[in-house]
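Read the structure below first, then the notes.
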Amino acid sequence: MTKANPVLILEDVEKSFFGADGAVPVLRGVGLTLHPGETLALTGESGSGKSTLLHIAGGLETADAGRVQVAGHSLGNMSDTERAAVRCNDVAVIFQQFNLIPSLNVADNIAFQARLAGRSDDGLTVDLATRLGLSEQLRKYPEALSGGQQQRVAIARAIAARPRVLLADEPTGNLDEGTASDVMDQLLALVADTGAALLLVTHSPAIAARMDRRLHLSRGRIV
Amino acid sequence: MTRACLAALLSHWRRNPLQLFAFLAGLALATALWSGVQAINAEARASYGAAAATLGEGQFDQIVPVAAETLSQSDFVMLRRSGWLVSPLIEGRLGDVRLVGFDPLSSPAGFVAAEVTQPDDLGGFLQPGQLYADADTAAQLSVDVDVVIDPNVAPGIAVGDIGVVQRLLNRTDLSRLLVQPEQPLQRPVLDDIAPHLRIQAASQTADVGELTDSFHLNLTAFGLLSFAVGLFIVYSTIGLAFEQRRGMVRTLRALGVSLPRLVMLMILEVLMLAVVGAGIGVMLGYLIAAMLLPDVAVTLRGLYGADVAGSLQFRVSWWGSGMAIAVVGALAAAGARLWQIARMPLLESARPRAWAMTSGRAQRVQGAIAGVLLLIAVGLAWGGTGLMAGFALLGCFLIGAALALPILVRPLLAYAEKAARTPVARWFWADTRQQLPGLSLALMALLLAISANIGVATMVSSFRLTFVAFLDQRLAPELYVETANAVQAAAIEANLPKVGASVLPLLAIEITVAGQPTRLFGVRVGPTYWQNWVFLDTAPDAWDVVDAGTAAVINEQLARRAGLWVGDMVDVTPARALPIAAIVADYGNPRGQLIVGEGLFRALYPDVSARQFGVRTTDRAGVRGILTSELGIPDSAITDQSNLKAFSLQVFDRTFTVTAALNVLTLAVAGFAMLMSLLTLADLRVPQLAPVWALGLTRRRIGQLELLRAVVFAVVVCIFALPVGLGLAWVLLAIINVEAFGWRLPMHLFPADYAQLGVYAMLAAVAAAAWPALRLMQTPPATLLKVFAHER
C-alpha cells in the first residue's frame with residue numbers, strides 16, 4: 001500500500017529561548033514526518049523540548065530555523081493570522097490543562113472549534129459525547145466536571161473539528177492511571193475512525209507503547 | 001468563526017451576571033449623572049436661545065433709557081416722527097411669566113415674537129385680549145384674555161400686542177425700542193433729539209447665555225466628576241473580566257482565532273455592552289434632569305433672571321453626548337486591558353494573576369504620575385489664569401490625590417502588620433495590604449466622592465455664612481419703596497424725615513469703566529453705610545472722602561476685572577477720575593459697581609433722579625401706613641427688608657439644591673463602586689481565605705474581619721479625604737469663584753459636618769461590605785475544600 005503524503009513535516013527545526021544567561025537552545029535540528037492515520041509518541045525527559053516541538057508543529061510558536069509543513073502549508077513565512085487559520089482548519093491541540101472555555105457548557109465546548117472552522121455538526125457532537133460517556137454532562141459547565149471528564153471534553157472538541165493533525169500534549173498527565181488508560185482508549189479509537197494523524201507527547205512508556213511509532217527527544221535532539 | 005467567537009466571549013458575562021451588572025450599572029450611573037447635567041444645560045441654553053430670539057436680544061440694536069428703567073410712549077412717537085424706524089416693546093412679569101408686548105406692524109423682519117403670529121392670524125393677534133404662549137406657560141397664566149397655545153414662543157414668556165400687555169401690566173410706558181436694521185440716512189442724531197436715550201448695540205445686549213456660562217460650567221464639572229467616579233467601576237470590572245479570561249483568550253488563540261480578530265471582537269463586545277449601559281444611563285439621566293430641572297429653573301431665574309422651561313425635551317445634543325462619552329469612556333477603560341491582550345504571548349500562562357497585584361514598577365509609575373499631577377496643580381494655583389485653568393487645577397489636584405492614595409496607604413498597612421501582636425491580627429493586616437491593589441480603584445472613587453462632598457459642603461456653608469452677613473450689611477434699610485413718578489419721589493424725600501425715618505435714595509446709572517459694564521451709584525453717606533458696610537480693603541476715612549466727592553468705592557468684581565485697588569484712579573466720567581477709597585465685597589452680583597457720594601452724582605448727572613428708596617425706620621408699620629395712605633404709593637411697591645432677605649436666602653438655598661443632589665449621587669456611586677469591587681473580588685478571595693479557614697478561623701469570624709476591613713479602609717480614606725476636600729474647597733473659593741464670578745469668599749471650617757460625613761462614608765463602606773461578607777460567611781465548606789482538591 002502506498003502511503004499518502006505526510007500531513008506533518010518538520011526538518012532541521014531549531015529553537016532557542018532567551019533567558020538571563022543568554023540564548024538557551026531547546027531544539028537542535030529536529031526532524032520528523034507524520035502521515036494521515038499515523039500515531040507517533042514523543043517522549044523525553046522534562047525540558048528536552050517535547051512541548052516546544054509540539055507547539056511549533058501546531059503553529060503556536062515559530063521555529064528559529066528549519067522547515068515546518070502542516071497539511072501542505074509551510075508555516076515558516078506565515079503571519080500570525082495565517083498560522084491561526086491553519087490551526088483553526090487543519091490542526092487540533094489537546095492540552096494537559098484541558099483549556100476548556102469555562103463559560104460554555106460541555107456541548108458548546110465540544111462544538112466550539114468545529115464552529116470556528118465553519119463545520120459544526122450537532123449530530124457529531126452528540127455522538128462524540130455519547131462515545132466518551134459525556135451524554136449526561138452536556139448541559140454542565142467545566143467547573144462541575146472531574147479532571148477525567150474535562151479531558152474527555154477536550155478530546156471531543158479536538159475530534160469534532162475533524163482536524164488532519166491532532167497534537168496532544170501529555171493529555172493524561174493530570175489523570176490517575178485508570179482514568180488515563182480509559183481516556184487513551186477513547187482517543188485512539190476516535191483517531192482511528194477519523195484518519196487524523198496524532199502526535200502525542202508523553203512521559204509514560206506504557207502510553208507511548210500504544211502508538212505506531214515512538215521518538216525520544218533528549219537535549220533538543222531526536223535520539 | 002466570528003459568531004462562535006463572539007458567543008464565547010459574551011458567554012463570560014452570562015456566567016458572571018454580577019460582573020455584567022457591575023459593568024452596566026457603573027456605566028449607566030456614570031452616564032446618568034453626566035447626561036442628566038447635560039440635559040439640564042441643553043434645556044437651559046435652548047430656553048436662552050428661544051428667549052433671546054423672542055425678545056430680539058442679540059439681533060437688533062435697541063434704544064433704551066440712559067438712567068431710568070423705562071421710556072415713555074411720547075419718546076417713541078417723537079422718534080418715529082423724526083424719521084427713526086423703531087418699534088415699541090414692553091416687558092414685565094406677571095407672576096412667573098414674562099409678558100412681552102410689541103407692535104407686529106412696525107417690528108423688524110426676523111423678530112421671532114412677531115413671526116410666531118404672522119402671517120396667518122395677524123387680525124386675530126391685533127384683536128384685543130389675546131396672548132400667545134407655549135402650553136406650559138399658558139397653564140401658569142391667569143388673565144382675562146384668551147391665550148393661544150403656540151409652541152414657537154419661548155418657555156416662560158407670553159407675547160401679545162403692546163396694548164394688551166400694557167393693560168395687563170397696568171402700565172403706559174415702554175421698556176425699549178427695537179431699531180430696524182435699515183434706517184433713513186437723513187435721520188437726526190439720537191443724542192440731539194433724545195439725550196436721555198441711548199442705543200444699545202445688538203452685540204452688547206445682555207446675553208443670558210454668557211452670564212450663566214459659569215453656572216453651567218460648574219454643573220458640567222460636577223457631571224464630569226460623577227462620570228469619572230462611575231468610570232472607576234467600569235474600569236475595575238473590565239479589568240477583572242479580562243483578567244479572568246486570560247485562559248479563554250489563550251484557548252481561543254490556540255484553537256485558531258487570530259489576534260486581530262480577537263481584539264476586534266473584544267472591542268465589539270465592549271461597544272455592545274457600552275451602548276446598553278449608556279442607553280440605560282441616558283434614561284436615568286433624563287429622570288435625574290427632570291427631577292432637578294425645576295430647582296435649576298428657580299436658581300437661574302433668581303440669579304440671572306433667565307427663564308428656563310420647566311419640562312425637559314429629549315434633545316439629541318445631550319443624549320448623543322451622553323452615549324458618546326460613555327462609549328469612549330468604556331473603550332478607554334478597556335484600552336489598557338486590550339493592549340495587554342494584544343501583547344500577550346500566545347502561550348503565556350493562562351492562570352489569572354493574583355488580580356490587580358500591581359508590580360513595584362507599576363506603583364512607582366502611579367506615584368510618579370500622581371506627583372506630576374500635583375506639581376502641575378501647584379503650578380496652576382501659582383500662575384494659572386482663567387476659568388479653564390481653574391478647572392484644570394481642580395482636575396490635576398483631585399486625580400493626583402486619588403492616584404497617590406494607594407501609594408500612601410500601603411506603608412501604613414505595612415506598619416500596622418508589623419505592629420500586630422497576635423497571629424490573626426498579623427494575618428488581617430497582611431491580607432488587608434494584599435487587598436489594597438484590588439480595591440484601590442474603589443477606594444480612589446470613594447476618596448473623590450468624600451473629598452467632593454467636603455469641598456463643596458465647605459464652599460456652600462462658607463458662602464451661606466458670608467451671604468447672610470452680606471445681606472445684613474447690604475439690606476440694612478427696613479423698607480424699600482419704588483415710586484411711579486417724580487412727584488411720589490419728592491413726597492417721600494419731603495415727608496418721611498418728618499416722622500423720624502431716614503431716606504436713602506437709589507441713584508444709579510449704567511456706565512462703562514475700564515471696558516467693564518458698570519453700575520454707578522450715588523449714595524447718601526450716613527450711619528447705614530458707616531456701620532454696615534464691610535470693606536475688603538480701605539483707605540482711612542473712606543466714607544468721609546466719598547461723601548466729600550473726592551473718592552469712590554468700587555466692588556470686588558470691578559476691582560479684579562479692571563485690575564484696580566485702593567489708591568488707584570477710576571474714571572467716573574471721561575473727564576472726571578477719582579481715587580479709590582475702598583473695595584467692597586459684593587456677593588452674588590456678576591456686574592461691576594462704582595459708588596460715589598450723592599452730591600457728586602447729582603452734579604455729574606443732574607437729569608437722573610431716584611425712583612427707588614431705602615427707608616431706615618424703627619416703625620415699619622407706621623411708615624408703611626404713611627406711604628400708602630398719605631403718599632398714594634401702592635402696597636405692592638413697598639418691600640419689607642425681612643421678606644427680601646428671606647427671598648434672597650431661599651434663592652440661595654435652591655441654588656445649591658442641585659449641587660447637594662449631585663453630591664449625594666456621587667457618594668452613592670462611590671459606595672456602589674466599593675460594593676461592586678468587593679462582590680467581584682469575593683470569588684477570588686476563596687482561595688486566599690480557605691487556608692485560614694482550614695487552620696481554624698470560622699467562616700463567621702472571617703466574615704466579621706471582612707467587615708472590619710471595610711471600616712478600616714473607610715476610616716483611612718476619610719482621613720486622606722479631609723485635606724483633599726479642604727484643598728478642593730480652597731480651589732473653589734479662592735480660584736474658581738474668583739474666575740467665574742469675580743469675587744472671593746472667605747473659607748470657614750465645619751468640623752461637625754465633616755464628622756457626620758465620615759460616619760456616612762463608614763456606613764456606606766459597611767453597607768457595601770455587608771453582602772460580600774455575608775456571602776463569605778455562607779460559603780459552603782465544600783467550596784472551600786475544593787481549593788485543596790487536586791481536581792478542581
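Quick note on labels: first sequence line is chain A, next is B, and so on, each numbered from 1. As the structure is a prediction and not an experimental result, all values here were calculated from the model.
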Flag, side chain of A:Arg164 to backbone of A:Asp90, donor-acceptor distance under 3.5 Å | no
Do A:Gln113 side-chain atoms and A:Val91 backbone N/O form a donor-acceptor pair below 3.5 Å?
-> yes
For B:Arg15, the side-chain hydrogen bond (donor to acceptor under 3.5 Å, both in side chains) test, sequence neighbours excluded, returns A:Glu143
Just do the side-chain contact (heavy atoms from CB on, under 4.5 Å) check on A:Ile94 and A:Gln151 with the steps written out, would you?
-> CA-CA 8 Å; A:Ile94 301 167; A:Gln151 194 56 291; 3.5 Å; yes
Which atoms of A:Arg157 approach chain B - backbone, side chain, both or neither, heavy atom under 4.5 Å = side chain
So what's closer than 4.5 Å to chain A heavy atoms on B:Leu255: side chain, backbone, both or neither?
-> both
Listed by number, the residues in residues 262-271 of chain B that come under 4.5 Å of chain A (heavy atom to heavy atom) are none
Answer with side chain, backbone, both or neither: which region of A:Ile101 has an atom nearer than 4.5 Å to a non-hydrogen atom of chain B?
-> side chain
Could you go step by step and tell me if B:Gln19 and B:His12 meet the side-chain hydrogen bond (donor to acceptor under 3.5 Å, both in side chains) rule?
-> CA-CA 9 Å; B:Gln19 272 181 33; B:His12 172 83; 2.9 Å; yes
A:Asp108 and A:Arg115 ion-paired at < 4.0 Å | yes
So CG of A:Leu34 and CG of A:Leu32: to nearest 0.5 Å the spacing works out to 7.0 Å
